[in-house]
Undergrad: 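Just passing along the structure, written as structure tokens.
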Amino acid sequence: MSAILGISANYHDSAAALVIDGQLIAAMQEERFSRIKNDPALPLAAARACLAQAKVDPRALDEVVFYENPYGKLERVLLSMLRTFPRSLRQFPRALASQLGGKLWVLDALSSGLGVPRERVTHREHHASHAASAYFASPFERAAILTVDAVGEDTSTALWLGEGRTLTCKERIAFPHSLGLLYSALTAYLGFEVNEGEYKVMGLAAFGQPKFRAEFEKLVRLQSDGGFTLGLEYFDSHTNTEVGFSKTLEALLGPRRMPGTPWKLDGAEIPAADQRAADVAATLQAVLEDALLGLARRARAVTGVDALCLAGGVGLNAVANARLFREAGFTEFFVQPAAGDAGGALGAALLAAAEKSEPRTKFTHAAWGTGVSGATAQSIAEGLGLKTRRVDSVLDATAERLLRGEVVAWVQGRFEWGPRALGQRSLLSLPTPLAVKERLNRVIKRREPFRPFAPMVLTPRAGELFGAFAPRLATFMTTVAEVKPEARAKLEAVTHVDGTARLQTVEPDTLVGQLLERIGRETGTPVLLNTSLNGQGEPIVATEADALAFFLAHPVDGLIIDDVQIDR
Amino acid sequence: MARLFLARLMKPFRWRNPRSTARMLLDFAKAERSSFYDMMEAANATGDLKRKAQYVSHAVDEARHAKMFTLRALELDPSRAADPSLFHADFEHLFTRLGEAKFISFVHLGEKRGRTQMAMFRDELQALEGTKRADTRTKALLDAVMRDEMSHESYSLVLSKELGGSLVGARAWELKRGWLRAGALITGLIYTLLMSVLYLLLFPLALLEKMKAKGAG
Ligand SMILES: [Fe+2]
Ligand SMILES: [Fe+2]
Ligand SMILES: [Fe+2]
């Protein structure tokens, strides 16, 4: 038996993934355990949970693989400090401390934290881990892989060829020229939190027009061969922790938007500042898509293959993915749900397994977390003075409530890998009327009112309701599709302002699939609104206790954990 | 007790303007959020189902307090809405580090101190009623929160006794932590100073690197 644990940590969203004899056994983000959203801490709790899932002792691990080279990063940080001398004076002590005070010794920390001999702790390269997380999780035997993020050791973008069990890097673009950096800087400029607000920017883009093309040509120049360069004077990125924009950017695009400024995008009169922000977001989205399209065409020209994989934080941009699928000329397209840095843990482990010539894994669902038990949930709920009932049929009980128009918190099986709830830890409701969206946005999730909710649909029926989409992406909610005009009235709470939806397709032979079938039988539309089960600023719930804490703090109608129905 | 003493000393400077009150309430919110993390860790880590429920209920209270303090702070000083650290807080994994008995004793001490401080602030606000500096809504907020804190204080004491935890031991650990924190603060300051000097000494290297970059570009 060979057991390999992959680890990503220290920058954003740390995670662990366990691969045994080539097969993925468990993959989890640390945030689900610490309850700190995007927790970058060393993922010891997640690692232990992965090992517990397989009942493997840490001493039995053959290899613990860190997803990047901890020494390569120090070099880049120091170099960029020197290049920006003397402006980086204030960042210098902090950046050096963050490198020396832990990041550099991460391999030793893993060894002692997990109780694994130091010589078994290794590392791979950041973008290789990204590439592996997409390619080795895909079903393809030959594929081009694009890895696009803010920055790895010193690479921001890379093009790979995957063949069988090997990955070969064909081309790369070096930091600071980086699409991830561009997106982060504009996310901050628009008043959202970097590494968190990118989805909001994507949602906001639908309310605007790409009116700032000329200005953006100064920010990023796209080349005919797929490469690009940033106008560095507009950015201010001294270290990997300081992603930002400069005063020059404000001079170009107008003053930044202060975080926390309320939005008013619905209604007849849209404030000029809001419209301008939406137009900036729309331009950013359009430029990002153009850049990705250039990279994808280059990938096709260089590799000549028909299948494309995409990884890195930029791979989470579902709108861009849809355009890539339509226009890049590949017949097959795959994006793994944890496309961001958390996915590096999975990639590092799969890469090490491939090097050992282990058989490739199957990756057809995202339920790689820890499970729940109805009995445990019932005991805690009763201790909290809640009404509980074990039901004979979870499907009957849930369908009945949903059909009454209730919003139900649904907790089943092992929690999801990646940032999306895909039917294990979800808030569910019917996809109509529009009022349900208002209720969810304003009362339960307290999100900006312009953010859309996503539908889950039974795979065989998706074609009736939605336009064309990349099927392998829709399984993991990493793409969008047009909602057919005739279906919009039935799907009004899950249709975005631009007529699209970030859909998830669900196979009929799963529990959620059966629930959708049941709903379809009653309403004629096998669709549910599905949003992640978490409060504002919190990670998605993992355990029974997390779910009950959510239920106590948020006005949802009911909670179903395993086979237990919980009411107030 | 040093913190309470300090708080007492600062009394003449409190309640003078909404911005400083907001800053103080946001500090409260941070402490509440830290406590939420610790209680959720406890709820998920303990093997006892009855205590799981107690910890969940405690955690939910603390999350609510954090939210209430934050909302009030933003009413008093809306400019703080732009603060990126608004929802951040420390998480020290106290349950894992201390074990359940010591952890719950420690929780009891923290609750008691927190409540005493809130009671002091509340009395100060009570005395200001009817004056120009009155802040009736913050006073009402403290009243609402203190009711929960009282119950946290009492159940944690019962549990601490049940589990054989020692309040003296928890107190000793707390003192040690305070000492280490003060030490870290001073070391941090010295470090920053030394590193800034080092940075400036790097000037010739930076010049070389810039010339190299120019030559390459
Ligand atoms: Fe990355
Ligand atoms: Fe509290
Ligand atoms: Fe408390």
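To find a chain, count down the sequence lines: A is the first, B the second, and so on, and within it residues start at 1.
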Undergrad: Working to the nearest 0.5 Å, report the span between NZ of A:Lys37 and NE2 of B:His88.
TA: 11.0 Å
Undergrad: Using the side-chain contact (heavy atoms from CB on, under 4.5 Å) rule, take B:Tyr37 and A:Ser34 through it: C-alpha gap first, then chi angles, then the decisive distance, then the call.
TA: CA-CA 7 Å; B:Tyr37 293 144; A:Ser34 69; over 6 Å; no
Undergrad: For each of B:Lys67, B:Arg64, B:Arg51, B:Arg33, tally heavy-atom pairs with chain A at distances under 4.5 Å, and name the one with the top tally.
TA: B:Lys67
Undergrad: Would you say that more than 12 heavy atoms from the other residues, nucleotides or ligands in this model lie under 6.0 Å from the CG of A:Asp567, or not?
TA: yes
Undergrad: Does any backbone or side-chain atom of A:Asp546 lie under 4.5 Å from a heavy atom of chain B? Answer side chain, backbone, both or neither.
TA: both
Undergrad: What is the minimum heavy-atom distance between B:Ala53 and A:Ile380, and which atoms define it?
TA: CB-O, 3.6 Å
Undergrad: So which of A:Gly260, A:Ala545, A:Gly383 has the largest heavy-atom pair count under 4.5 angstrom toward chain B?
TA: A:Ala545
Undergrad: Would you give the length of the straight line joining atom CZ of A:Arg35 to atom CG of B:Asp38, rounded to the nearest 0.5 angstrom?
TA: 14.0 Å
Undergrad: In Å and rounded to the nearest 0.5 Å, what is the CG to OH distance from A:Leu384 to B:Tyr55?
TA: 13.5 Å
Undergrad: To the nearest 0.5 Å, tell me how far B:Ser57 OG sits from A:Leu548 CG.
TA: 11.5 Å
Undergrad: For atom CZ of B:Arg19, decide whether the heavy atoms of other residues, nucleotides or ligands shown that lie under 6.0 angstrom number more than 12.
TA: no
Undergrad: With rounding to the nearest 0.5 Å, note down the distance linking OG in A:Ser379 to NZ in B:Lys52.
TA: 10.0 Å
Undergrad: Checking heavy atoms, do the side chain of A:Thr261, its backbone, both or neither come under 4.5 Å from chain B?
TA: neither
Undergrad: Just wondering, are more than 12 heavy atoms of other shown residues or ligands nearer than 6.0 Å to NZ in B:Lys139?
TA: yes
Undergrad: Which pair of heavy atoms, one from A:Thr543 and one from B:Asn44, lies closest together, and at what distance?
TA: OG1-OD1, 2.5 Å
Undergrad: In terms of heavy-atom proximity below 4.5 Å to chain A, should B:Lys50 be classed as side chain, backbone, both, or neither?
TA: neither
